[in-house]
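Single-structure report; data block below.
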Amino acid sequence: MLDIKFIVENQELVEKGLAKKGFKGISVAELIALHLEINKLKTSSQAVAEEKNRLSNTIKTASAEERPSIIEKSRELGEELKKEQESLVVLQEKFDNIMMRMPNLPSDDAPVGKDDSENVVRRKVGTPRTFDFKPLDHIELMELNNWSEMERIAKVSGSRTYAIKNELSRLELAIHMFVLDKLRENGFNVITVPSISKEKPLFGMGYLPFAKDEIYYLPADELYLSGTAELVLNSLHADEILTENDLPVLYAGFSPCFRREAGAAGKDTRGLVRVHQFMKTEQFVICKNDIEESEKWHQKLLSLSEEVLKDLELPYQVLEVCTGDMGAPKYRQYDLEAWVPSQGVYRETHSCSNITDWQARRTNLRYRENADGKVKFAHTLNNTGIATPRALVPFIENHQQADGSVKIPEKLRPYMMGVASIGGKK
RNA sequence: GGAGAGUUGGCAGAGUGGUAAUGCAGCAGAUUGCUAAUCUGUCAUCGGGAAUCCGAUGCAUAGGUUCGAGUCCUAUACUCUCCGCCA
């Protein structure tokens with residue numbers, strides 16, 4: 001959510017930002033007009049309320065003769081007030097409806113573009129490996145090593161689900177432990193959070209109303225299945241006023257995540273790349289309302305993810321996401337993509353975003369500044385720590401050996417009982 | 001699933017129908033001085049105004065009763081305690 005005062009004072013700038021993000025059909029002029037109308041009505045209804053309060057307070061001390069006429073007058077004012085407030089509610093609803101659909105404005109430094117074809121590669125790290133044997137794709141590797149039950153699980157749970165087993169399931173959990181440990185060493189509070197959520201946090205994060213079709217809904221309990229721990233972490237401190245000394249708040253959140261993948265029909269239907277349920281370790285930061293400070297954290301989160309991919313010895317590229325491909329909440333966004341040999345392309349493993357105060361306004365998350373005691377909306381940022389099973393795809397494909405075994409990088413071995421490789425034909 | 005208790009500012013905590021006490025913390029100022037203390041103001045949101053300021057709203061949420069609701073009524077949510085069930 002944006003500050004309405006900012007919108008009023010910077011209409012042109014806001015309209016430009018919306019255009020960059022490809023948001024059409026939102027009238028900034030209408031929003032401003034509604035705001036001004038609401039203010040006008042508020043002012044007039046407040047004058048009525050003031051008069052009514054004044055009258056009411058005289059009743060207690062009024063004489064018996066005066067009292068009935070005062071009560072009558074006060075009642076009339078009450079009815080007038082009620083009418084004004086009813087029209088105020090209608091206007092406010094219209095206003096909120098537009099306001100909730102207003103995206104965050106993108107950074108001036110973000111590349112301008114209409115869709116993912118205009119994202120910009122900032123750098124490539126590591127070199128895609130050349131194989132001296134014919135490499136297998138991740139599905140073949142899993143079949144060879146008895147690491148999955150992909151066909152059977154589809155009978156039970158439908159398409160886009162997965163069951164992995166034996167050494168590969170250990171690897172999945174080991175990678176999470178490895179990343180959680182890394183984040184903990186960097187000052188993050190490790191927290192495992194629910195995957196179920198009420199409706200309100202979905203608005204707070206910006207899932208609603210923007211990505212309605214992506215979300216599983218449980219009508220019997222009016223609850224939703226969360227697509228990311230970010231959803232929960234973003235609302236964990238909703239409606240609170242923290243002190244500046246509490247900041248930054250750093251969370252490494254772990255949770256099962258659920259996505260309907262409604263818009264991805266036909267894409268990545270086989271294997272582990274795009275599934276309805278997965279596990280994600282998420283980085284989440286609440287920091288001061290200071291763009292330099294949050295941009296610093298944005299870079300820090302990015303570097304932590306890069307470190308994860310480096311430690312896992314995966315070639316990757318850093319993509320800066322253009323304005324048209326960013327989600328509504330985002331000010332600036334980097335994606336990390338790891339090399340997938342079987343597809344000959346880089347595939348997304350991490351998404352790192354600075355949200356500035358857009359989410360905090362929606363969740364009413366504030367803090368009190370030390371310097372002057374003023375209350376401000378915090379900045380929030382999020383980034384993937386690691387998401388599995390997707391990350392297993394580049395992992396096992398890049399580290400496969402001629403015999404079908406998969407090498408375990410040095411840094412991960414402590415989490416794999418010290419073994420140097422898993423699987424392979426004996 | 002059953003029974004009971006509760007929800008008031010950043011925190012603690014009073015308030016049984018007539019302007020939301022007080023303490024602590026934070027912030028600003030003043031003062032005395034020595035590792036701090038004292039005093040005053042401020043300390044949730046919004047509106048009008050250049051500003052001092054004035055006003056409206058705010059006691060979990062939504063309704064209702066009333067000239068007037070933190071207080072009375074109804075519904076809901078959440079928290080805690082006990083019982084039951086349970087990984």
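Note on naming: letters A, B, ... go to the chains in the order of the sequence lines (proteins, then strands), and numbering restarts at 1 for each one. These figures come from a predicted structure and were not determined experimentally.
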Practice problem: Kindly say whether A/His399 contributes a backbone atom to a donor-acceptor pair with the side chain of A/Gln401 at under 3.5 angstrom? | Solution: yes

Quiz prompt | Summary of side-chain hydrogen bond (donor to acceptor under 3.5 Å, both in side chains) pairs that have at least one residue in residues 188-213 of chain A, sequence neighbours excluded | solution = A/Glu199-A/Tyr224

Practice problem: Rounded to whole angstrom, note down the P distance from B/U7 over to B/G23. | Solution: 22 Å

Self-check item: Nearest-angstrom distance, C1' atom, B/A44 to B/A20
Solution: 13 Å

Quiz item: Base, sugar-phosphate alone, or nothing: which one does A/Ser56 contact when heavy atoms must sit under 4.0 Å apart?
Solution: base

Exercise. Give a yes or no on whether A/Lys310 atom NZ has more than 12 heavy-atom contacts from other residues, nucleotides or ligands under 6.0 Å away.
Key: yes

Exercise. Could you work out the separation of B/U76 and B/G41 based on their C1' atoms and round it to a whole Å?
Key: 41 Å

Self-check item: Nearest-nucleotide 5' precedence on RNA chain B, A/Thr243 against A/Glu72
Solution: A/Thr243

Quiz item: A/Leu236 CG to B/C78 P: how many Å, rounded?
Solution: 17 Å

Exercise. Please determine, by modelled atom types, if A/Asn97 and A/Glu93 share a side-chain donor-acceptor pair under 3.5 angstrom.
Key: no

Quiz item: Contact class for A/Ile59 (heavy atom, under 4.0 Å): base, sugar-phosphate, or nothing?
Solution: base

Self-check item: A/Lys82, nearest nucleotide to its side chain (from B/A56, B/G64, B/C67)
Solution: B/G64

Quiz prompt | A/Asn166 (side chain) donor-acceptor with A/Asn146 (main chain) under 3.5 angstrom | solution = yes

Quiz item: Taking the side chain of A/Glu50 as heavy atoms from C-beta outward, which of B/G10, B/G55, B/U57 is closest to it?
Solution: B/G55

Quiz item: Taking atom C1' of B/G58 as reference, at what distance in whole Å does atom CD1 of A/Ile241 sit?
Solution: 13 Å

Quiz item: Choosing from B/C46, B/U57, B/G47, which nucleotide comes nearest the side chain of A/Lys42?
Solution: B/C46

Quiz item: Between B/U45 atom P and A/Ile4 atom CD1, what is the distance in whole Å?
Solution: 17 Å

Quiz item: Between B/G68 atom P and A/Glu76 atom CD, what is the distance in whole Å?
Solution: 13 Å

Quiz prompt | Selected nucleotide, minimal atom distance to A/Lys198 side chain, candidates B/C78, B/U57, B/C67 | solution = B/C78

Quiz item: Please give, in whole Å, the distance from B/A69 C1' to A/Asn53 CG?
Solution: 13 Å

Quiz item: How far does the P atom of B/G48 sit from the matching atom of B/A62, given to the nearest Å?
Solution: 24 Å

Quiz item: For RNA chain B, whose closest nucleotide is more 5', that of A/Thr58 or that of A/Ile70?
Solution: A/Thr58

Quiz item: Which part of the nucleic acid, if any, lies within reach of A/Lys52 when heavy atoms closer than 4.0 Å are counted: base, sugar-phosphate only, or nothing?
Solution: sugar-phosphate

Exercise. Hey, can you tell me if A/His35 and A/Phe95 have their rings parallel, tilted or perpendicular (30° and 60° cut-offs)?
Key: tilted

Self-check item: Gap between atoms CG and C1', on A/Leu81 and B/G55 respectively (whole Å)
Solution: 13 Å

Quiz item: Roughly how far apart, to the nearest Å, are B/A21 and B/A56 at atom P?
Solution: 15 Å

Self-check item: Contact under 4.0 Å: A/Arg54 side-chain N or O vs B/C67 OP1/OP2
Solution: no

Quiz item: What interatomic distance, in whole Å, is found between C1' of B/A60 and the corresponding atom of B/A77?
Solution: 8 Å

Quiz item: More than 12 non-hydrogen atoms from neighbouring residues, nucleotides or ligands closer than 6.0 Å to CD1 on A/Ile32, yes or no?
Solution: yes

Practice problem: Among A/Arg274, A/Arg160, A/Arg390, find the residue that satisfies the salt bridge (Lys or Arg N to Asp or Glu O under 4.0 Å) test when tested with A/Asp268. | Solution: A/Arg274

Practice problem: Return one dot-bracket line describing RNA chain B 5' to 3' (Watson-Crick or G-U wobble pairs, both distances under 3.5 Å; ( ) same strand, [ ] crossing, | another strand, . none). | Solution: ((((((((.[[[..)..(...]]].(((((.(...).))))).(((((....)))))..[[[[[..)....]]]]])))))))....

Exercise. Take atom CG of A/Asp239 and atom C1' of B/G9, then tell me their distance rounded to the nearest Å.
Key: 14 Å

Quiz prompt | Options B/G10, B/U57, B/G47, nucleotide nearest the side-chain atoms of A/Arg368 | solution = B/G10

Practice problem: Could you label the plane-to-plane angle of the A/His276 and A/Tyr216 rings as parallel, tilted or perpendicular, counting under 30° as parallel and over 60° as perpendicular? | Solution: perpendicular

Self-check item: Nearest-angstrom distance from the residue atom NZ of A/Lys200 to C1' of B/A60
Solution: 11 Å

Self-check item: Span that lies between the P atom of B/C78 and that of B/G64, in whole angstrom
Solution: 24 Å

Quiz item: Expressed as a whole number of Å, how far does the P atom of B/G13 sit from that of B/G18?
Solution: 24 Å

